[in-house]
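Reviewing the structure listed below.
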Amino acid sequence: MTQYEPVIGLEIHAELQTRSKMFCSCSADYSNAPEPNTFICPVCTGLPGAMPVLNKKAIEQATLVGLSLNCSINEFNTFARKNYFYPDLPKGYQISQYDLPIASKGWLDILDDTDSPMRVVVRRVHLEEDTAKLAHEKNYALVDFNRAGVPLLEIVSEPDMRTVEAALSYATKIRAILRYLGVNSGDMEKGILRFEANVSVRPRGSSELRTRTEIKNLNSFRALTRASAYEIERQIKVYENGGEVVQETLGWDEAHGVTISQRGKEDAHDYRYFPEPDLPPLQLDRNWINSIKNQLPELPDAKNRRFMEQYELKRREASLLTAEKSLADYFEEVVSKSKSSAKTVHSWLTGEFMRYMNDSGQTLEDITLSAAQFAQLIDMVTDKSISGNSGKVVLNEMLNAKRNCDPSQIVKEKNLAQVSDTGFIQEAIEKILSDNPREVEQFLAGKETIVQWLMGQVARATKGKADPNIAKDLLVKTLEARRK
Ligand code: ADP
Ligand code: MG
Ligand code: ZN
């Protein structure tokens, strides 16, 4: 039986987070518009005679993205009209870039399904404008032009990915980079970031590119993964049954877990691209490009490498933090304020802290706990003023409090201070041993594992306040003493 290999290329649409739209001064912040069709003007509603003007900030952001993806920035690039009619496209064409995009021929290194590094070639990054929004009702549709003309960036990869995992890894990394650059929120549910997967399959070992299908508007990583996997299986079955895959545009039905044919795929010539007569070519100054290059922040890969070296973290440990810039920044702030090791801070942050965020559905932006007080709490556990378990209780208390509170205050209020006073602990141990003669017998008969159970009793009797190392020492000594 033929073994098949998937071939995947991704097209990613990212709205740019500029203040105004791509070709007019209307606000691009359409999700905060008071009402539909309020952030509009003759340009973005396509009235005759209205002239587009380029948004410099969008060009800057596109350049940042291009540079981050190791592309060459084309000093000379042009705009084109992509002609098609749809009710969400007021002009009857979209202004886009065609033969000369702002950036081309870059690459991004990712980890594939076996965690081996691989390089995906980025074919091009180009600027265009978003469409309006349609709301489909029963017998009619409503159109809201607030989104029409919002700057949109399209990032097109070569068909370099060979597994669904690799496609996911690439998409995840692009999202992280866009968020690091502050040019896109990465919000897929709201459609601010959207994926299209181009999928084909071929006999393993062959280098041919077979007919592909394009799955549109995937609005989550889950949808991207499931839709690509489904399409791979579907195409394999088509070939196995002696059929041919038809080039077409597909939608993804999340509820039923199937791709649905939307239309035959149009080719470039269907759009009758021609140079946009209302916009002159864009000539970028080399010095200006260099000044943008200087604005590039430390990107996820570089940060990850630095975290591995500086904080002695494993790659996976570091990437838990560097996936989100805000989390990485928070980590570094806590480390700088704490006397504990970076490893310790890492385990608090990726352990109890992340669990709290997951359980409560909060993001770092919702968290009011200052790095200083988080550090103070971690140090209290490190220097054994409180036990690890009490530390978790205090942390949750501080996170819930939604105000900056002093951990030592909570320790006092809740009476959680750890006791290393041996007299107090010894007293508790004596009582436990006399209450549990059977377990003491078992220990004396050689069942050493019973120590764990007895330690549990000590923790309970002292409400978790006994220093566990001291308590264990005392417990074993007291038990041994009974041998005589
Ligand atoms: P266009 O949309 O201009 O016709 P292409 O068809 O070359 O451009 O590519 C569009 C996207 O489809 C790119 O992301 C590319 O990597 C991907 N792609 C092209 N050919 C294939 C293929 N045979 N299998 C999977 N993906 C493909
Ligand atoms: Mg496409
Ligand atoms: Zn406008």
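Below, each value reflects all heavy atoms present in this structure, side chains not excepted, and no hydrogens, waters or symmetry copies. Keep in mind that this is a model prediction, so the values were computed, not measured.
No side-chain donor from either of Ser387 and Asn389 sits under 3.5 Å from a side-chain acceptor of the other. A side-chain donor from one of Gln235 and Thr213 sits under 3.5 Å from a side-chain acceptor of the other. Judged purely by distance below 3.5 Å, without hydrogens or angles, the side chains of Ser341 and Thr344 pair a donor atom with an acceptor atom. Using modelled atom types and a 3.5 Å distance limit, the side chains of Glu15 and Tyr30 yield a donor-acceptor pair. With no hydrogens or angles considered, no side-chain donor-acceptor pair links Gln17 and Asn184 at under 3.5 Å. A donor and an acceptor atom, one from each side chain of Ser385 and Asp383, are located under 3.5 Å apart. Side chains of Thr114 and Asp112: a donor-acceptor N/O pair is present below 3.5 angstrom, by distance only. Donor-acceptor pairing under 3.5 Å is recorded for the side chains of Thr131 and Arg147. Side-chain polar atoms of Glu231 and Thr259 form a donor-acceptor pair below 3.5 angstrom.
Residues passing the side-chain contact (heavy atoms from CB on, under 4.5 Å) test with Lys431 are Asp435, sequence neighbours excluded. Here Ala229 pairs with Val164 under the side-chain contact (heavy atoms from CB on, under 4.5 Å) rule; sequence neighbours left out. Every residue two or more places apart in sequence or in another chain that forms a side-chain contact (heavy atoms from CB on, under 4.5 Å) with Ser319 is listed here: Asn304, Thr322. Take Arg306 and apply the salt bridge (Lys or Arg N to Asp or Glu O under 4.0 Å) test, not counting sequence neighbours, and it matches Glu298, Glu332. Residues satisfying the ring pair (Phe, Tyr, Trp, His ring centres under 6.0 Å) criterion with Phe331, sequence neighbours excluded, are Phe307, Tyr311. For Pro34, the side-chain contact (heavy atoms from CB on, under 4.5 Å) partners at least two apart in sequence or on another chain are Thr38, Phe39. Every residue meeting the salt bridge (Lys or Arg N to Asp or Glu O under 4.0 Å) condition with Asp109, not counting sequence neighbours, appears here in chain and number order: Arg119. Partners of Glu430 according to the salt bridge (Lys or Arg N to Asp or Glu O under 4.0 Å) rule, which considers only residues two or more places apart in sequence or in another chain, are Arg482. For Asp301, the salt bridge (Lys or Arg N to Asp or Glu O under 4.0 Å) partners two or more places apart in sequence, or in a different chain, are Lys173.
For the pair Thr382 (side chain) and Ile378 (backbone), a donor-acceptor distance under 3.5 Å is present. With Arg175 contributing its side chain and Gly186 its backbone, the two residues share a donor-acceptor pair below 3.5 Å. Proximity of a side-chain donor or acceptor of Asn219 to a complementary backbone N or O of Glu189 within less than 3.5 Å is not detected. A donor-acceptor pair under 3.5 Å is absent between the side-chain atoms of Asn396 and the main chain of Val393, judged by distance alone. For the pair His126 (side chain) and Ile102 (backbone), a donor-acceptor distance under 3.5 Å is absent. At distances below 3.5 Å, not a single donor-acceptor pair connects side-chain atoms of Asp113 with backbone N or O atoms of Glu165. In this structure, Ser68 contributes its side chain and Leu64 its backbone to a donor-acceptor pair below 3.5 Å. Side chain of Arg204 to main chain of Glu5: no donor-acceptor pair is present (N/O by atom type, distance under 3.5 Å, no hydrogens or angles). With hydrogens and angles ignored, the 3.5 Å screen pairs no side-chain donor or acceptor of Asp144 with any backbone N or O of Lys133. Ser206 places no side-chain N or O within donor-acceptor distance of the main-chain N or O of Arg202, the cut-off being under 3.5 Å.
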Where do Asp115 and Arg315 land on the salt bridge (Lys or Arg N to Asp or Glu O under 4.0 Å) test, with the steps shown first? CA-CA 11 Å; Asp115 251 7; Arg315 198 189 61 225; 3.4 Å; yes
Evaluate Arg179 against Asp187 for salt bridge (Lys or Arg N to Asp or Glu O under 4.0 Å), listing each step before the verdict. CA-CA 10 Å; Arg179 281 175 57 82; Asp187 195 330; over 6 Å; no
Verdict with reasoning, Arg222 to Glu254, per salt bridge (Lys or Arg N to Asp or Glu O under 4.0 Å): CA-CA 9 Å; Arg222 184 178 141 84; Glu254 181 77 35; 3.5 Å; yes
I'd like to know whether Lys343 forms a salt bridge (Lys or Arg N to Asp or Glu O under 4.0 Å) with Glu317, so could you lay out the CA-CA distance, the side-chain angles of the two residues, the decisive distance to 0.1 Å, and finally the verdict. CA-CA 9 Å; Lys343 279 255 184 222; Glu317 292 172 334; 3.2 Å; yes
Carefully, step by step, assess Asp406 and Ser408 under the rule side chain to side chain donor-acceptor pair (under 3.5 Å). CA-CA 6 Å; Asp406 183 351; Ser408 55; 2.8 Å; yes
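A distance of 7.5 Å separates OG1 in Thr368 from CG in Leu399, rounded to the nearest 0.5 Å. Put simply, CZ on Arg212 and CG on Asn198 are 4.5 Å apart, with the number rounded to the nearest 0.5 Å. Between Ile215 atom CD1 and Ser228 atom OG the span is 5.0 Å, to the nearest 0.5 Å.
The ring pair (Phe, Tyr, Trp, His ring centres under 6.0 Å) contacts involving residues 356-396 comprise Phe353-Phe374, where partners must be two or more places apart or lie in separate chains. Every pair passing ring pair (Phe, Tyr, Trp, His ring centres under 6.0 Å) that includes a residue from residues 165-207 is listed here, sequence neighbours excluded: Phe195-Phe221.
The two atoms that bring Pro151 and Ala28 nearest to each other are CD-CB, 4.4 Å, heavy atoms only. Taking all atoms of both residues into account, the shortest heavy-atom contact from Leu10 to Ala167 is CD1-O, 3.7 Å. Heavy-atom minimum distance, Leu168 versus Leu224: CA-CD2, 4.4 Å. A pairwise comparison of heavy atoms in Val245 and Val238 identifies N-CG1, 3.9 Å as the closest pair. Nearest approach of Val345 to Ser338, heavy atoms of both residues: CG2-OG, 4.1 Å.
The shortest side-chain heavy-atom distance between Leu349 and Met354 does not fall under the 4.5 Å cut-off. Between Thr363 and Met357 the shortest side-chain heavy-atom distance does not fall below 4.5 Å. Counting heavy atoms from C-beta outward, Leu181 and Leu296 have side chains that approach closer than 4.5 Å.
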N/O donor to acceptor pairs below 3.5 angstrom from side-chain atoms of residues 449-460, sequence neighbours left out:
none

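Salt-bridge check for Lys57 with Glu60: passed, with a basic side-chain N closer than 4.0 Å to an acidic carboxylate O. Using a 4.0 Å cut-off between charged side-chain N and carboxylate O, Glu333 and Lys337 make a salt bridge. The existence of a salt bridge linking Arg483 and Glu480 is confirmed by a sub-4.0 Å separation between a basic side-chain nitrogen and an acidic carboxylate oxygen. Under the 4.0 Å criterion applied to side-chain N and carboxylate O atoms, Asp329 and Lys325 are assigned as salt-bridge partners. Classification of Arg194 and Glu11 as a salt-bridged pair fails, no side-chain N sitting under 4.0 Å from a carboxylate O.
Under a cut-off of 6.0 angstrom, the local environment of CD in Glu312 is sparse, with at most 12 non-hydrogen atoms contributed by other residues, nucleotides or ligands. Heavy-atom contacts from other residues, nucleotides or ligands closer than 6.0 Å to NZ of Lys314 number 12 or fewer. Glu35 CD: 12 or fewer foreign heavy atoms inside a 6.0 Å radius.
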